[in-house]
Amino acid sequence: TCIVDMTQQGNYFEFLGYRFKYSKNRDYRFPTPRSLKKIREGIRAKTRRTHGHSLEHIIATINPLLRGWFEYFKHSHYTIPEEIDGWVRMRLRSILRKRAGRKGRGRGLDQNRYPNKFFAEYGLYCLKTAYAQAVQSPPG
């Protein structure tokens, strides 16, 4: 462990998978690059484009990963869940694109073919929605 003066611009420290950063009289928390890499590797292993299982099965296998990761990193900066959500949906669109006989990654027009609502109907766990619910004030 070490003692860090967070009031100095550009200072940050990493602890238990979080990167704590200070900027303009405010503290920010982000997952470390290593933590982001680990969740992406886990999802990448379950979302190969040549995966033979149905989309429902693939989503059912990645949902526990997303839930667990979110529960630990729900105190992160608000942009992180949306970034991970977009990346996961891109992986799923790539699978659907491959099954339709098209090449490349799931970007561009694939976002119109398979909108976010399409994946929500299949039960994909949405980190952005979970984050919005987590930061709401409890009813008083």
Side-chain angles (χ1 to χ4, degrees):
T1 58
C2 66
I3 298 173
V4 178
D5 182 12
M6 292 297 291
T7 60
Q8 300 297 320
Q9 288 290 51
N11 273 351
Y12 67 89
F13 69 96
E14 295 177 354
F15 185 67
L16 295 176
Y18 274 101
R19 176 176 280 182
F20 296 88
K21 203 172 190 178
Y22 179 83
S23 177
K24 297 179 184 172
N25 298 325
R26 189 164 171 155
D27 296 323
Y28 294 101
R29 293 180 209 159
F30 297 92
T32 61
R34 183 175 174 207
S35 299
L36 290 171
K37 183 179 177 184
K38 190 172 180 181
I39 185 66
R40 286 185 175 177
E41 285 174 355
I43 291 174
R44 189 176 287 123
K46 296 176 185 291
T47 57
R48 301 274 180 222
R49 282 187 284 167
T50 57
H51 206 288
H53 294 289
S54 67
L55 187 62
E56 295 92 350
H57 181 268
I58 295 169
I59 288 174
T61 60
I62 62 174
N63 274 347
L65 284 174
L66 293 172
R67 276 192 190 96
W69 190 87
F70 175 74
E71 281 303 314
Y72 189 78
F73 289 104
K74 66 183 164 190
H75 301 291
S76 294
H77 194 261
Y78 71 94
T79 59
I80 300 299
E82 190 170 350
E83 177 186 329
I84 298 295
D85 272 343
W87 187 81
V88 169
R89 286 190 301 265
M90 182 271 302
R91 297 286 301 177
L92 295 173
R93 285 182 183 112
S94 294
I95 292 170
L96 295 171
R97 184 177 180 84
K98 175 81 171 176
R99 290 179 182 174
R102 296 186 305 274
K103 295 182 180 184
R105 294 169 64 184
R107 297 182 289 189
L109 291 178
D110 286 332
Q111 293 181 3
N112 294 336
R113 285 186 195 108
Y114 312 110
N116 298 350
K117 185 179 177 183
F118 174 82
F119 296 111
E121 290 170 359
Y122 276 91
L124 180 64
Y125 186 73
C126 181
L127 299 176
K128 183 178 177 183
T129 303
Y131 184 83
Q133 291 173 351
V135 297
Q136 280 183 342
S137 300

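The shortest heavy-atom contact between S35 and W69 is O-NE1, 3.8 Å. Closest heavy-atom contact between G123 and N63: O-ND2, 2.8 Å. Contact between L36 and I39 at its shortest, heavy atoms only, is O-CG2, 3.1 Å. Looking at every heavy atom in both residues, A130 comes nearest to Y125 through CB-OH, 3.3 Å. Here the shortest heavy-atom pairing between K46 and I58 reads O-CG2, 3.7 Å. Taking every heavy atom of both residues into account, K128 and P81 meet most closely at N-CB, 4.0 Å.
From E71, atom CD reaches atom CZ of R67 across 10.0 Å, with rounding to the nearest 0.5 Å. Once rounded to the nearest 0.5 Å, the distance linking OG1 of T61 with CD of E56 reads 11.5 Å. Between E121 atom CD and F119 atom CZ the span is 11.0 Å, to the nearest 0.5 Å. One finds the NZ atom of K74 at 12.5 Å from the CG atom of L127 (value rounded to the nearest 0.5 Å). R49 CZ to L92 CG: the interatomic distance, rounded to the nearest 0.5 Å, is 13.0 Å. Here the NE2-CZ distance, from H75 to F30, works out to 15.5 Å after rounding to the nearest 0.5 Å.
Within 6.0 Å of atom OH in Y78, 12 or fewer heavy atoms from other residues, nucleotides or ligands are found, so the atom counts as exposed in its surroundings. Heavy atoms of other residues, nucleotides or ligands lying less than 6.0 angstrom from CD of E83 number more than 12.
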Apply side chain to side chain contact (heavy atoms under 4.5 Å, CB included) to R40 and I84, showing your working. CA-CA 8 Å; R40 286 185 175 177; I84 298 295; 4.3 Å; yes

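Transitive grouping of hydrophobic side chains (ILVMFWY, heavy atoms separated by less than 4.5 Å) keeps I95 and L109 in distinct clusters.
Judged by distance alone, with hydrogens and angles left aside, the side-chain atoms of R91 form a donor-acceptor pair with the main-chain N or O of T47 at under 3.5 Å. Of the possible donor and acceptor atoms, one in the side chain of R97 sits under 3.5 Å from a partner among the backbone N and O of K103. Formation of a donor-acceptor pair under 3.5 Å by the D110 side chain with backbone atoms of R93 is not found in this model. Between the D85 side chain and the C126 main chain, no donor and acceptor come within less than 3.5 Å of each other.
Under the rule for a salt bridge (Lys or Arg N to Asp or Glu O under 4.0 Å), R48 has no partner lying at least two apart in sequence or in another chain.
Inter-residue side-chain proximity for Y114 and L55 is flagged as unmet; no heavy-atom pair is nearer than 4.5 Å.
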